Undergrad: 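Have a look at this one before I ask anything.
None of the values given here were measured: they were computed from a predicted structure. Atom set for the values below is all heavy atoms of this structure, side chains included, hydrogens, waters and symmetry mates excluded.
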Amino acid sequence: MEMERSRLKGQVAVVTGGGRGIGRTIALLLAAAGASVAVFARTASDVTETAELIKQANGQSKAFALDVTDSQTVVRRIAEIEGSLGHVDLLVNNAATVGPIGPLWQSGLEDWWRVMDVNLRGPVLCFHAVLPGMISRRRGRIVNIVSSTAPLPYLSSYMTSKTALVRLTEIMAAETKEYGISLFSLAPGTVRTAMSERSLHSAEAQTWIPWFRRIFDEGLNLPAERPAQFVVELASGRADALSGRFLSVSDDLDALLDNVKQIEKDNLLSLRVRTLDPVNTNPALASILAEAERAPRRSFRIGRTFEAPRSSVFHMWIDPEAIKKWFVDSAPVHWIAETEPIVDARTGGDYRWRVVSDENEKEVFEFHGTYREVHAPEKLAFTWEWETLPIDGVEGPGKTLVTIEFFEQAGSTKVVLRQTGFPSDAARDADDKGWARCFGGIAKLFH
């Protein structure tokens, strides 16, 4: 039990629809694996009971009664979680509703769109609330509980919303891959829940989807622990190589991981339309679309080891007199005034660096931003903003996020700088070369 509890130790998870059914079981098993769990659901008594069950098992949990379609409340609750439990490492979008059962033209349109609101807009709002923090920390996982993508008649709102969430998972996985974020779609199988009970016993269900009862009559339904345990596996990071893929609880994760290259090559476990004669596809257009699916690399990483104590190396990045020396080292620019640079190195503080071209005094380049994190001597994070860059072919303005970590290594210090959010490959390559030059300038100060 202790080994299992340490598996997700230190992680903070948010589970929507966690008041009962699959969501409650996911929350319980995540907590049993060591995660601190925030539980979202509309019914206060349900989420309170889930949180109490976790606490009775010596876990840590907080309950939040909310509607995931309420954008302002979602943002406030995520901020509250990060202020109490800690930064969110895992989001499980489980909240869902089945909606109208029957022909679309006989369904109430407000009821139909409400399903899209809960099943699709809800996850989007949660994405929007947690992803900025995950991206700045360069870690995080999101599991979207979906369904079969089969075109099942008479479940149009439910199937459309869940299929759209599968596609959105693929897109978001591509957009966030370079930031160390993993996303998964997970089909949980059929579990006996309040939602499935309605699909069994309501008059409209018995009229339009009588086949659904066969799953239970033939013993093909699953216990809630099955998808919950799968979520724990995904939360552990073991399956990160499958980010963006559509998974099912019936999948053998080991077998999938052994065949990752084949899965990627053939675009398996993803939404694709098969054509009658793919050979006749326009090769030029196919090439363009293939390029479009590969999200541009909007980040870079650079590392350097300095023969100096960590506190001394860290100080080089916040001391204006030191910055004066290394930032313009070997560059055809000079500081615009004796007072430059201006540095307020505290969380929430601003900085401004202005330099002028050696060849043209009218050519001024200004860099500015705000410190997001200042944890001496371990970490700095700040926005890096510019109007123009002293690089031919690179247009402005631009705004990126720079994260610098400092690691002690037997008397020396390893510095790792990551920069994300470039507006173009040219800007990324320019800053890559620029920081390499700056690192060289810092190295000279220690010799």
Side-chain angles (χ1 to χ4, degrees), residues 136-138 178-180 297-336 340-343 345 349 351-358 365-386 388-394 396 398-447:
S136 69
R137 295 185 297 276
R138 299 187 70 84
E178 63 177 312
Y179 305 111
R297 187 171 64 89
R298 300 299 194 200
S299 70
F300 74 77
R301 176 185 184 277
I302 184 171
R304 184 74 178 269
T305 299
F306 300 95
E307 299 297 328
R310 181 165 64 163
S311 58
S312 299
V313 179
F314 182 92
H315 188 70
M316 288 289 161
W317 292 84
I318 61 173
D319 176 35
E321 292 304 315
I323 294 169
K324 278 186 181 182
K325 299 173 183 178
W326 60 255
F327 185 67
V328 298
D329 182 73
S330 303
V333 296
H334 57 272
W335 293 105
I336 198 169
E340 299 289 348
I342 297 171
V343 178
Y351 71 87
R352 185 183 66 186
W353 303 356
R354 291 186 300 168
V355 295
V356 61
S357 169
D358 290 341
F365 308 102
E366 180 174 333
F367 306 88
H368 56 94
T370 301
Y371 289 96
R372 296 282 185 86
E373 293 183 64
V374 180
H375 298 303
E378 296 91 6
K379 184 178 180 181
L380 277 175
F382 50 90
T383 58
W384 178 252
E385 303 176 48
W386 67 87
T388 59
L389 285 177
I391 306 294
D392 290 338
V394 178
K399 180 178 180 179
T400 63
L401 178 68
V402 177
T403 303
I404 311 170
E405 295 180 282
F406 304 81
F407 303 94
E408 289 183 327
Q409 290 188 336
S412 62
T413 302
K414 182 177 181 180
V415 179
V416 176
L417 181 149
R418 299 182 179 88
Q419 191 167 354
T420 58
F422 290 98
S424 67
D425 290 344
R428 181 202 67 219
D429 294 342
D431 256 18
D432 193 354
K433 294 175 182 177
W435 286 122
R437 174 182 52 73
C438 291
F439 272 38
I442 293 174
K444 292 178 182 178
L445 298 179
F446 289 113
H447 288 85

Undergrad: Assess whether side-chain contact (heavy atoms from CB on, under 4.5 Å) is satisfied between Val328 and His334, documenting all intermediate values.
TA: CA-CA 6 Å; Val328 298; His334 57 272; 5.8 Å; no
Undergrad: What do the steps show when you test Glu385 against Glu366 for side-chain contact (heavy atoms from CB on, under 4.5 Å), and what is the final call?
TA: CA-CA 8 Å; Glu385 303 176 48; Glu366 180 174 333; over 6 Å; no
Undergrad: What distance do Leu380 atom CG and Glu405 atom CD have between them, rounded to the nearest 0.5 Å?
TA: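 Nearest 0.5 Å value for the CG-CD distance: 10.5 Å.
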Undergrad: Please report the closest heavy-atom contact between Arg352 and Glu340, naming both atoms and the distance.
TA: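 Heavy atoms of Arg352 and Glu340 come nearest at O-OE1, 3.3 Å.
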Undergrad: Please check if the side chain of Thr403 supplies one atom and the backbone of Arg418 the other of a donor-acceptor pair under 3.5 Å.
TA: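 Between the backbone of Arg418 and the side chain of Thr403 there is no qualifying donor-acceptor contact (under 3.5 Å).
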Undergrad: Determine the sole option in Leu417, Val374, Val402, Ile323 for which the side chain to side chain contact (heavy atoms under 4.5 Å, CB included) test with Trp317 is passed.
TA: Leu417
Undergrad: Under the 3.5 angstrom rule, does the side chain of Tyr351 hit a backbone N or O of His368 as a donor-acceptor pair?
TA: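 It does hold such a pair.
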Undergrad: What distance do Glu408 atom CD and Ser311 atom OG have between them, rounded to the nearest 0.5 Å?
TA: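 Atom-to-atom, Glu408:CD and Ser311:OG are 8.5 Å apart.
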Undergrad: Work out which heavy atom in Val356 is nearest to a heavy atom in Ile336; give both atom names and the distance.
TA: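 Distance-wise, the nearest heavy atoms are CG1-CA, 4.5 Å.
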Undergrad: Of Phe407, Phe306, Phe314, which is the lone residue that meets side chain to side chain contact (heavy atoms under 4.5 Å, CB included) with Val415?
TA: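 Output: one option passes, namely Phe306.
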Undergrad: Are any non-hydrogen side-chain atoms of Arg310 and Glu378 less than 4.5 angstrom apart?
TA: yes
Undergrad: If you take all heavy atoms of Leu445 and Ala322, which pair is closest and at what distance?
TA: CD1-O, 4.1 Å
Undergrad: Arg372 side chain to Ala381 main-chain N or O, any donor-acceptor pair under 3.5 Å?
TA: no
Undergrad: Working to the nearest 0.5 Å, report the span between NZ of Lys433 and CD1 of Ile302.
TA: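 So the gap between those two atoms works out to 12.5 Å.
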Undergrad: Other residues, nucleotides and ligands only: do more than 12 of their heavy atoms fall within 6.0 Å of NZ on Lys414?
TA: no
Undergrad: On a heavy-atom basis, which atom in Met316 and which in Trp326 lie closest, and how many Å separate them?
TA: O-NE1, 2.9 Å
Undergrad: Are Arg304 and Ile442 close enough, and set up right, to give a side-chain contact (heavy atoms from CB on, under 4.5 Å), and what steps lead you there?
TA: CA-CA 10 Å; Arg304 184 74 178 269; Ile442 293 174; over 6 Å; no
Undergrad: Determine, stepwise, if the pair Ser357 / Phe365 fulfils side-chain contact (heavy atoms from CB on, under 4.5 Å).
TA: CA-CA 8 Å; Ser357 169; Phe365 308 102; 4.2 Å; yes
Undergrad: Can you confirm whether or not the ring centre of Trp353 sits under 6.0 Å from the ring centre of Trp386?
TA: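 Centroid distance Trp353-Trp386: not below 6.0 Å, so no.
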Undergrad: For a quick test of reading the model, state the closest non-hydrogen atom pair linking Gly440 to Asp329 and the distance between them.
TA: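 The answer is C-OD2, 4.4 Å.
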Undergrad: So, taking the atom named CZ in Phe327 and the one named CZ in Phe367, what distance separates them when rounded to the nearest 0.5 Å?
TA: 4.5 Å
Undergrad: Between Asp358 and Ala331, what is the shortest heavy-atom contact and its length?
TA: OD2-O, 3.9 Å
Undergrad: Could you pull out all residues at least two apart from Lys324 that satisfy salt bridge (charged side-chain N to carboxylate O under 4.0 Å, His left out)?
TA: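 Per chain and number, Lys324 pairs via salt bridge (charged side-chain N to carboxylate O under 4.0 Å, His left out) with Glu321.
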